[in-house]
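Each chain gets a letter, A, B and so on, in the order its sequence line appears, and its residues count up from 1.
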There are 2 protein chains.
Amino acid sequence: MKIGELSKRTGVSIRMLRYYEAEGLLKPRRTASGYRDYDAAEIRTVERIKLLGSGGMTLATIRQFLPCVRGEGPVFEPCDELRTVLHEQIRQADQKAEKLAQSRRILRNFLHEIEQP
Amino acid sequence: MKIGELSKRTGVSIRMLRYYEAEGLLKPRRTASGYRDYDAAEIRTVERIKLLGSGGMTLATIRQFLPCVRGEGPVFEPCDELRTVLHEQIRQADQKAEKLAQSRRILRNFLHEIEQP
DNA sequence: CTTGACTCTGACAGCGCTGTCACAGTTTAA
DNA sequence: TTAAACTGTGACAGCGCTGTCAGAGTCAAG
């Protein structure tokens, strides 16, 4: 699959797909003429990257648990570090969620203030 | 109150307090010599800005409902637009929260995958 | 008066992400 | 074969935020 198709299928721009690669998140084969040739399984990978990214995670961070993202089954070497990173990321996600909730509460209060004068 | 004190009291850097002003969120008096002179009430304002910002809101957006942020009681003119903006922001906050939750779920799944081979 | 801490402005730079443009080569379909 | 659509690379720019640095003025305490 060429980059245009992957882009259409995932909703991630061609620009960003190339950027993912530059950041080490994707490593597509190349055709004889140099075109990127993606495995169909990478659709899933890209979607996961997209989701994690929309949760406020950095590409550099996502790369840390790339084996998981790519669904490469059980991980060997960096298993412990991986677990640590994952726990830390979950913790940060919880923190972000809390901040977001606080922020939302403030907005709701504003709304009440201007609706009941 | 001068900028250094406000910074210490709020935990917002001097740099950012000046930036808030440049973005139209704060308008401190000036001493004869040009020093910024903040009202004590602005501590609250800055804290709210900080919270909204940590919820992913842009300063330009926060400026939209500045009267609320500054707690200036009932708002007159832009009341309807303000309500619209607030509802929209709450909606976006909910969206972000949903994305964040999805992202968190993915992380938890990764964790399960590598913990049970 | 002098010194050290504080403040002012303005500029530059970096972060991570994203779009766009230019220029060149490739593929596909008419 | 030719034209349109696609892909490649590299560079530049912008977003919003943030730190830092330089050069100058101000303030408070010794």
Inset, instruction - Starting from P on D:dA5, measure out to NZ on A:Lys8 and report it in whole angstrom. - result: 11 Å
Legend entry - Nearest-angstrom distance from the residue atom CG of B:Leu6 to C1' of C:dT7: 14 Å
Legend entry - Nearest-Å distance for atom pair CD1/C1', residues A:Ile14 and C:dT18: 14 Å
Legend entry - Backbone of B:Leu51 reached by a side-chain donor or acceptor of A:Lys99 within 3.5 Å: no
Inset, instruction - Examine A:Leu100 and A:Phe110 and state if one hydrophobic cluster contains both, with Ile, Leu, Val, Met, Phe, Trp and Tyr joined whenever side-chain heavy atoms are less than 4.5 Å apart. - result: no
Inset, instruction - Give a yes or no on whether a donor-acceptor pair under 3.5 Å exists between the nucleobase atoms of D:dC27, that is its base, and the side chain of B:Tyr35. - result: no
Inset, instruction - Specify the separation, in whole Å, of atom CG of A:Leu17 and atom P of C:dG19. - result: 11 Å
Legend entry - Nucleotide nearest A:Arg36 when distance is taken to its side chain, options D:dT7, D:dT9, C:dT7: D:dT9
Legend entry - Below 4.0 Å: OP1/OP2 of D:dG19 and any side-chain N or O of B:Ser13: yes
Legend entry - First of B:Tyr38 and A:Leu59 reached from the 5' end of DNA chain C, by closest nucleotide: B:Tyr38
Inset, instruction - Specify the separation, in whole Å, of atom CD1 of A:Ile3 and atom C1' of C:dT26. - result: 15 Å
Legend entry - Phosphate contact (D:dG25 OP1 or OP2) by B:Ser33 side-chain N/O below 4.0 Å: no
Inset, instruction - Check every atom of D:dC17, C:dG19, C:dT18 against the side chain of B:Met16 and return the nucleotide holding the closest atom. - result: D:dC17
Inset, instruction - Classify the side chain of B:Arg15 versus the base of D:dT20 as yes if they form a donor-acceptor pair under 3.5 Å and no if they do not. - result: yes
Inset, instruction - Return the nearest nucleotide to the side chain of A:Thr58; candidates are C:dC17, D:dT26, C:dT7. - result: C:dC17
Inset, instruction - Provide, to the nearest angstrom, the distance between the CD atom belonging to A:Glu5 and the P atom belonging to C:dT27. - result: 16 Å
Legend entry - D:dG16 base / B:Tyr19 side chain donor-acceptor hit below 3.5 Å: no
Legend entry - Candidate list B:Arg29, B:Arg36, B:Arg15, test salt bridge (Lys or Arg N to Asp or Glu O under 4.0 Å), partner B:Glu21, passing option: B:Arg36
Legend entry - Euclidean distance, atom OH of residue B:Tyr20 to atom P of D:dG19 [Å, nearest integer]: 10 Å
Inset, instruction - Using the closest heavy atom to pick a nucleotide of DNA chain D for each, name whichever of B:Thr31 or B:Ala60 lands nearer the 5' end. - result: B:Ala60
Legend entry - Under 4.0 angstrom between B:Arg18 side-chain N/O and C:dT9 OP1 or OP2: no
Legend entry - Nearest-angstrom distance from the residue atom CG of B:Asp37 to C1' of C:dT7: 13 Å
Legend entry - B:Lys96 side chain to B:Gly56 backbone, donor-acceptor under 3.5 Å: yes
Inset, instruction - Give a yes or no answer on whether the side chain of A:Thr61 reaches the backbone of A:Met57 with a donor-acceptor pair at less than 3.5 Å. - result: no
